[in-house]
Amino acid sequence: MGVRELRQLPSVDRVLQIPAIHQLAQDHARELVVEEIRAVLEEARRKVQEGGSAPSPGDAAAQVMQRVEAGLRPSLRPVINASGVIVHTNLGRAPLSLRARQAIEAVTRGYSNLEFELEEGGRGSRHDHAVGLLTRLSGAEAALVVNNNAAALLLVLACLARHRQVLIARGQLVEIGGGFRIPEILAQSGAELVEVGTTNRTHLEDYAGAIGPRAAVILRVHHSNFRLAGFVHQPPLTELVELGRGRNSLVVDDLGSGTFLDTRAYGLAAEPTVQESVAAGADLVTFSGDKLLGGPQAGIIVGRAALIERLRRHPLTRALRVDKATLAGLQATFIAYLDGKAAEEIPVWRMIAAPAPDLKRRAEAWAEELQGKGLRAGVIEGRSTVGGGSLPEETLPTFVLALEHERPTELARALRTGNPAVVGRLEGERLLLDPRTVLPEEDEALLRALAAAY
Ligand SMILES: *Cc1c(COP(=O)(O)O)cnc(C)c1O
C-alpha cells in the first residue's frame, strides 16, 4: 500500500504545472523553485515510507511557496529593542543617526572619492577621510580607522610590540565577550605579555619594577563590562606616561567604548573621554565606533603622528581596513559632535538623555492603547542600562510597560519571532518593555506586534 502511495506522488514537472507554482517559477529563479519542489517531494516520500500519507497537490504547493519565500528572506533583519540596554551588542549596538544613514546612502549609491584626490585628479588614501575630524575632536595629532576596536588593538600591538614585551596590570586582563580576551589578542600580535601588580591593586612601582629593555608598550585596558571595587588601585594615566617616557616605552590606552561627551552630564558615572586620554599624553588611544560614540562598527586609533604613520604602512592595515559605507557613517557621526548636535541627533545619546517623565508618558500611552485592546498592561518604575562594555552597573531611571501573562516566556518568544521582532525583558511573571531604547518611529509597529503576540 506504501508503494501505491509512493506512485501517487507527483513528479517535479507535474508540480511545476500547478498554476500557483508556475507563477512562482516566473517570479523567482526557476532553479530555486525546482530545488524546493524536490525538497518537498523528498520529504513527502520519506513520510509515506514511514507509513504516513502523501500531501495533496495543494498542500505540496503551499509548502513549496513557503520554502521559496523563507529562502529569499534575509536572516538579518530589524529588531525593536525594548530591553532597555542602549548599546546592546547582540542587537547590533548603536542605531545610526539620520545624518549617518543619509551619508551612507549618498556615498554607496554610486561612486565616491574613497581613494581619489579630486583636486589633483590622482590617487588618494581612504585613511585620510576620518583624520581631520578625529584630530579636531580628540586633540590628537593623527588618527586611523580600522574594522573594530579588537582589530585596532591587534594592529597596534603587532606593529609596535611584536617580539617585545607589553606590560598590563593583572586587573586589566579582561574578557570582553564574544571571545575577546586581552591575553589572546596579545598572543596573536606576537607580543609577550608581562603581568604587573595584583588583581585588585597595581602601583606605579609595580610597572617600574617590571619594565625592562624589551618592553615596548605599557597597555592600559578599560575594565569594560565589570567593575573593580573596594581595596583597589591603578596609577593615573599621566603617571604611566611619565614612566613610559623615561623608560623608552609607549603608552597605549584601550578605552573600549570611548566617548567624546561627558557622561556625568547625564547623571552617570564618569566614563573616560578620548580627549582626556590624549591630553594625559597617551601615545595611542583606541576605542570603538559603535559603542558610546554611536556610529557604525569601527576601531578608532588616535595619537602621535609618527606612530599612526607606522600603523598605516603595516600590512595588517590593508587586511583590517574599513569600507566606504563605514567611513561615510563615521564622518557624519563625527560631524554631529563637531557641530554640537550629538546629544540631539545620535540615537545612543538621545536615549541616554531621555528624561524619565517623558518615558513615563510614553509607557502610559502604550499601556492605555493596549488596555483598550484587552491586554493586561501597566506601567512600573524600572532601570535602563548603557551596555556595550561601558559604565557597568550604572543604570538610568525609567518607566516600563509591564505585561501580565500566564506564560510570559511564550509571549516573549512570540514577540521575538513576530514581524517586526521585539525583544523585551522577562522579570518573574511579567514581560517588561522599556521605551528608552525603542525609537519613537517604532511605537506603532511595537503596539501592533504586542497586540498580535499577546
Ligand atoms: C568593546 C571593547 C573592545 C572591543 O571592541 P570592538 O569594537 O567590539 O572590537 C576592546 N577593548 C575594550 C576595553 C572594550 O570594551
Side-chain angles (χ1 to χ4, degrees), residues 85-96 130 134 143-158 161 166-189 191 193 202 217-228 234 237 240 251-260 263 268-274 276-277 282 284-303 311 316-317 319-323 325-327 329-330 333-334 348 385-394:
V85 182
I86 297 172
V87 182
H88 197 308
T89 294
N90 300 150
L91 300 183
R93 289 198 182 156
L96 296 183
L134 272 169
L144 178 65
V145 176
V146 289
N147 184 57
N148 58 13
N149 191 25
L153 211 52
L154 176 68
L155 172 64
V156 166
L157 296 175
V166 175
L167 276 64
I168 310 182
R170 285 205 163 85
Q172 295 173 4
L173 291 170
V174 293
E175 174 177 316
I176 282 138
F180 180 92
R181 293 174 148 196
I182 291 292
E184 287 169 11
I185 288 279
L186 206 113
Q188 285 300 317
S189 75
L193 170 65
T202 303
V217 167
I218 299 173
L219 177 62
R220 189 175 82 150
V221 182
H222 187 283
H223 282 134
S224 194
N225 45 16
F226 90 107
R227 214 161 70 84
L228 208 55
Q234 296 284 345
L237 190 57
L240 293 180
V251 173
V252 176
D253 195 17
D254 172 18
L255 285 180
S257 171
T259 171
F260 288 126
T263 47
L268 292 163
E271 179 75 15
T273 66
V274 177
E276 279 164 4
S277 291
L284 293 174
V285 182
T286 73
F287 51 101
S288 292
D290 55 353
K291 291 183 177 174
L292 276 178
L293 215 69
Q297 178 189 303
I300 300 163
I301 311 167
V302 300
L311 295 177
L316 260 183
T317 300
L320 303 175
R321 76 182 189 187
V322 290
D323 84 328
T326 300
L327 284 168
L330 268 184
T333 305
F334 295 150
V348 164
T385 55
V386 177
S390 55
L391 302 161
E393 293 182 12
E394 284 282 310

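Atoms considered below: every heavy atom in the structure, side chains included; atoms not considered: hydrogens, waters and symmetry mates. Order of listing sets the numbers, starting from 1, for every ligand and every atom in it.
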Heavy-atom distances under 4.0 Å are what count here, so tell me which part of Ile176 touches ligand 1: side chain, backbone, both or neither.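 For Ile176, only side-chain atoms sit under 4.0 Å from ligand 1.
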
Please work out, at 4.0 Å between heavy atoms, whether the side chain, the backbone, both, or neither of Gln172 comes within that distance of ligand 1.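 Looking at Gln172 and ligand 1, no heavy atom falls under 4.0 Å.
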
Ignoring hydrogens, just give me the one of Thr89, Asp254, Ile182, Val87 whose non-hydrogen atom is nearest atom 11 (N) of ligand 1.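 Going through Thr89, Asp254, Ile182, Val87 one by one, Asp254 has the nearest heavy atom to atom 11 (N) of ligand 1.
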
State whether the side chain of [X] and the backbone N or O of [Y] hold a donor-acceptor pair below 3.5 Å, judged by distance alone.
X	Y	result
Gln172	Val221	yes
Glu394	Ala269	yes
Ser257	Leu292	yes
Asp323	Thr326	yes
Gln234	Thr202	no

Do ligand 1 and [X] have nitrogen or oxygen atoms that lie under 3.5 Å from each other?
X	answer
Ala150	yes
Lys291	yes
Ser224	yes
Asn149	yes

Do Leu155 and Leu144 have side chains that get closer than 4.5 Å, going by heavy atoms?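 A side-chain contact under 4.5 Å exists here.
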
On a heavy-atom basis, which atom in Ala298 and which in Val145 lie closest, and how many Å separate them?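 Looking at all heavy atoms of both residues, the shortest contact is CB-CG1, 3.9 Å.
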
Under 4.0 Å from any heavy atom of [X], which atoms of ligand 1 are there?
X	answer
Arg93	6 (P), 7 (O), 8 (O)
Ser288	5 (O), 6 (P), 7 (O)
His222	13 (C)

